[in-house]
Amino acid sequence: MTLTQLEIFAVVAERKGFTLAAAQLKISQSGVSHAIRVLEQELGVELFHRYQGIIELTDIGESLLRKAQAILGLAETMQQEASDVRGMKWGTLRIGSFGPTSSLRLLPAVLADYRKLYPGIEIHVDEGPDRQVVQWLMDRRVDVGFVTLPEDQFDTYPILEDQMVALLPTDHPLALEDTVTLKDLCVGPFVLTEAGSAELVSRLFLSAKLQPNIRYRTSQLLSTLATVACGDAVTIVAESSLPLTIEARYVKKALNPKVKRRVGLAVFDERQSSPATKAFITLMTKKFRVASPTSSLISRVLVNE
């Protein structure tokens with residue numbers, strides 16, 4: 001078993017196909033198929049189900065994939081630590097991002113600077129719901145991810161603090177109120193976005209022993225905003241996830257009581273983080289240290305390390 005075989009295994013699983021994996025790895029499809037076949041023979045198990053041109057991981061394949069990703073992550077860290085002595089001239093940084101807050105506001109602010117400082121580092125950004133980023137961190141699919149704090153199972157670094165707000169159609173009965181309560185938002189239809197802080201919103205209602213009338217579930221924030229703007233429902237979102245210009249067809253209202261949200265970076269284990277990952281965290285925490293009361297302390301800790 002070699003690292004090359006494990007890398008091919010991980011890419012085939014990610015791309016769900018031998019042809020797409022071959023194109024990404026820039027090797028022949030027959031080479032990919034041969035590597036997987038040899039790996040299955042060495043392990044004595046079937047890693048993929050194959051039928052009608054579709055492949056899916058077997059149960060044991062799912063389990064071994066997580067271990068393979070962990071091994072590949074450690075190998076990458078070793079390579080980057082060695083390359084750090086030479087000025088981080090090459091390597092890979094895998095980032096997990098959720099929602100507009102991290103993908104549109106936080107990441108663009110530092111990626112340009114990062115590329116200038118470390119042009120040899122290849123950056124991969126995977127985007128998904130907040131709970132998906134957490135799973136990617138657990139599976140070692142990403143080196144660092146944006147998460148809603150707290151996340152006690154990881155080493156985390158605060159980046160941003162904002163608040164959750166209610167969005168109402170402009171003709172809603174509560175549109176003229178200064179604030180709204182969670183109970184107010186349980187009266188009519190509610191739209192829950194799976195992007196961003198879906199877990200936080202669900203926990204808010206659960207802790208208050210309230211049940212919103214969830215009529216819609218959307219995977220994109222834009223769909224959520226459109227649903228509210230059409231007058232079909234109300235919702236709760238993080239303030240920093242909203243477009244800079246609020247549409248005239250919906251209004252933003254503070255919650256009563258206020259609900260704060262903290263966004264941070266997380267790594268599975270900072271002791272195993274690669275130099276490329278640590279450099280990204282340092283840039284991010286320095287850039288946004290004003291936005292969070294504790295991030296300047298985190299930055300000093302990183303610099304001192």
Any residue meeting side chain to side chain contact (heavy atoms under 4.5 Å, CB included) with [X], in chain and number order, not counting sequence neighbours:
X: Q153; answer: V134, M138, E151
X: L283; answer: Y114, L117
X: A23; answer: none
X: D269; answer: D155, R271, Q272

Please list, chain by chain and in numerical order, all residues satisfying salt bridge (charged side-chain N to carboxylate O under 4.0 Å, His left out) with [X], sequence neighbours excluded.
X: R217; answer: E194
X: E239; answer: K252
X: R115; answer: none
X: D162; answer: R261

Which heavy atom of [X] sits nearest to which heavy atom of [Y], and what is that distance?
X: V180; Y: A166; value: CG2-CB, 3.5 Å
X: E127; Y: S103; value: OE2-OG, 2.6 Å
X: V267; Y: L137; value: CA-CD2, 4.3 Å

Cluster companions of I71 among Ile, Leu, Val, Met, Phe, Trp, Tyr (side-chain spacing under 4.5 Å)
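Other cluster members: M1, L3, L6, I8, F9, V11, V12, F18, L25, I27, V32, I36, L39, L43, V45, L47, F48, I55, L57, I60, L64, L65, L72.
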[X]-[Y] co-clustered via ILVMFWY side chain contacts under 4.5 Å:
X: L93; Y: L107; answer: yes
X: L265; Y: I95; answer: yes
X: L182; Y: L174; answer: yes
X: L149; Y: L106; answer: yes

With sequence neighbours excluded, residues passing side chain to side chain donor-acceptor pair (under 3.5 Å) with T4
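With sequence neighbours excluded, T4 shows a side chain to side chain donor-acceptor pair (under 3.5 Å) to no residue whatsoever.
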Per the salt bridge (charged side-chain N to carboxylate O under 4.0 Å, His left out) rule, what does the pair list look like for residues 1-25, sequence neighbours excluded?
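Passing the test, one end in residues 1-25: no pairs.
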All pairs passing salt bridge (charged side-chain N to carboxylate O under 4.0 Å, His left out) where residues 28-40 contributes a residue, at least two apart
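Matches after skipping sequence neighbours: E40-R50.
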Give, for atom CD1 of I236 and atom CZ of F205, the distance between the pair rounded to the nearest 0.5 Å.
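Here the rounded value is 4.0 Å.
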May I ask you to check whether over 12 heavy atoms, not counting those of D59, lie within 6.0 Å of atom CG?
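No.
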Could you walk me through whether E161 and K260 satisfy the salt bridge (Lys or Arg N to Asp or Glu O under 4.0 Å) test, starting with their C-alpha distance in whole Å, then the side-chain angles of each, then the deciding distance to 0.1 Å, before giving a yes or no?
CA-CA 7 Å; E161 185 176 281; K260 292 183 179 180; 3.8 Å; yes
